[in-house]
Amino acid sequence: MNEAIEKTLKAGEILKKVVEEAKEKIKPGIKILEVAEFIERRTEELGAKPAFPCNLSINSDAAHFTPKANDNRVFKEGDLVKLDYGVHLDGYIADMAISVDLGDHSDLIKAAREAVEAAVEIVKAGTSTSKLGEVIESTIKSYGYRPIVNLTGHGLQPYSVHSPPSIPNYASQKGFELEEGMIIAIEPFATNGVGRVVERKECEIYSLTSIRSIRMKQAKELMDEISKKYRSLPFARRWIKVSEIIFSKLIKEGVLRSYPVLYEVSNGKVSQWEHTVIVEKDGALLVTR
Ligand code: CO
């Protein structure tokens with residue numbers, strides 16, 4: 001077995017364990033930050049590293065919500081929580097998401113979960129990504145819901161979370177043929193809204209896009225530290241212990257990419273389910289199922 005497959009599978013084992021443990025902690029009244037910190041600490045204890053901050057988007061927030069430092073917000077009765085997280089071993093990433101229901105969203109969750117399972121069923125070398133999108137869309141629609149059309153699954157490459165090919169969550173015109181050995185994450189989102197996300201202002205997740213010369217000494221040091229610790233992987237603002245003046249300097253210099261929270265534009269509830277799989281000649285090797 002080659003190194004990429006071996007380490008991706010091991011990362012998947014660790015990820016599954018962390019998510020299983022974390023799931024039990026998502027309860028009304030519990031601080032979101034407490035769960036996020038638990039997840040990230042357990043990852044390190046088990047010998048892996050976060051590939052990105054754990055996302056705990058709730059209700060109509062679809063993606064990119066992670067708590068900030070000293071965040072007091074708690075999970076509430078009735079919430080639909082998406083736990084989307086990835087870990088890596090030497091850059092080899094496993095990425096998965098589940099939905100945790102603190103209310104009455106079982107069908108909406110089933111729609112996303114069955115959509116990813118139906119897509120995984122047809123993964124093999126030669127399958128077109130548009131075919132995956134078609135299966136995802138029809139499964140979600142069979143429950144009376146809509147897929148989020150502007151969020152996609154993606155390829156995984158060493159130290160790169162969103163690599164080609166992009167995997168649409170609807171039957172798109174243009175597809176890309178999967179190739180043996182590709183590592184992909186399939187992540188349908190289902191909603192009772194119109195099926196599109198837009199950004200809101202809140203942003204806690206960033207990644208380094210480029211290294212450039214910066215005059216302010218502390219900002220330059222911070223850039224170098226981020227580069228060393230995370231390379232181009234996304235990180236949480238709360239992981240970085242510097243003042244806002246220094247951090248925002250990097251944003252102004254265009255050194256950081258921002259990942260603002262994405263919410264469903266009609267305020268529909270959003271569910272999500274995600275698996276990482278390795279494409280094989282005649283099927284798929286499941287990393288996170
Ligand atoms: Co993903």
Side-chain angles (χ1 to χ4, degrees), residues 4 7-9 11-16 18-19 22-23 36 39-40 43 48-57 61-66 81-89 91-100 109 112-113 115-120 123 129 132-133 136 140 147-170 176 178 182-191 197 199 204-207 230-236 257 259-264 270-279 284-289:
K7 289 194 169 159
T8 302
L9 289 175
E13 287 300 318
I14 293 170
L15 177 59
K16 272 189 286 184
V18 173
V19 168
K23 189 171 78 179
I39 287 169
E40 291 153 8
T43 303
K49 286 189 174 145
F52 53 87
C54 93
N55 287 218
L56 287 160
S57 310
D61 282 353
H64 299 170
F65 177 88
T66 200
V81 183
K82 279 79 63 188
L83 164 51
D84 183 351
Y85 185 49
V87 311
H88 78 88
L89 282 172
Y92 296 104
I93 301 165
D95 183 359
M96 78 182 281
I98 63 169
S99 290
V100 180
I109 292 173
R113 186 175 191 168
V116 70
E117 279 165 7
V120 167
V123 167
T129 54
L132 296 177
I136 288 168
I140 290 174
I148 304 267
V149 295
N150 59 340
L151 287 174
T152 66
H154 50 92
L156 291 163
Q157 295 263 337
Y159 291 104
S160 171
V161 181
H162 282 105
S163 301
S166 121
I167 299 165
N169 287 321
Y170 64 95
F176 180 94
L178 299 179
M182 261 181 181
I183 304 172
I184 56 169
I186 305 175
E187 53 177 321
F189 295 78
T191 182
V197 290
E199 294 178 354
E204 277 294 310
I205 303 176
Y206 299 88
S207 68
Y230 311 117
R231 302 201 191 195
S232 56
L233 291 173
F235 60 88
R257 177 186 162 185
Y259 300 82
V261 176
L262 298 169
Y263 73 99
E264 209 283 327
V270 179
S271 66
Q272 178 196 15
W273 212 277
E274 176 178 21
H275 284 299
T276 296
V277 302
I278 300 171
V279 180
L285 191 55
L286 304 171
V287 175
T288 55
R289 188 158 71 172

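Counting begins at 1 with the first residue of the sequence. Every number for a ligand or one of its atoms is a count from 1 in the order of the listing. Values below: every heavy atom of this structure, side chains too, minus hydrogens, waters and symmetry copies.
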Asks: Backbone N or O of Thr288 within a donor-acceptor pair of the Thr276 side chain at under 3.5 Å?
Replies: no
Asks: Consider only side-chain N and O atoms of His275 and Glu117, and report whether a donor and an acceptor are under 3.5 Å apart.
Replies: no
Asks: With rounding to the nearest 0.5 Å, note down the distance linking CD1 in Ile109 to CD in Gln272.
Replies: 11.0 Å
Asks: Between Thr66 and Cys54 (side chain of the first, backbone of the second, donor and acceptor by atom type, cut-off under 3.5 Å), is there such a pair?
Replies: yes
Asks: Sort by chain and number the protein N/O/S atoms that are closer than 2.8 Å to the Co ion (ligand 1), and list them.
Replies: Asp95 OD2, His154 NE2, Glu187 OE2, Glu274 OE2
Asks: Look only at the side chain of Thr129 and the backbone of Phe176, and say whether a donor-acceptor pair between them is shorter than 3.5 Å.
Replies: yes
Asks: When rounded to the nearest 0.5 angstrom, what is the spacing between CG in Asp84 and CE in Met96?
Replies: 9.5 Å
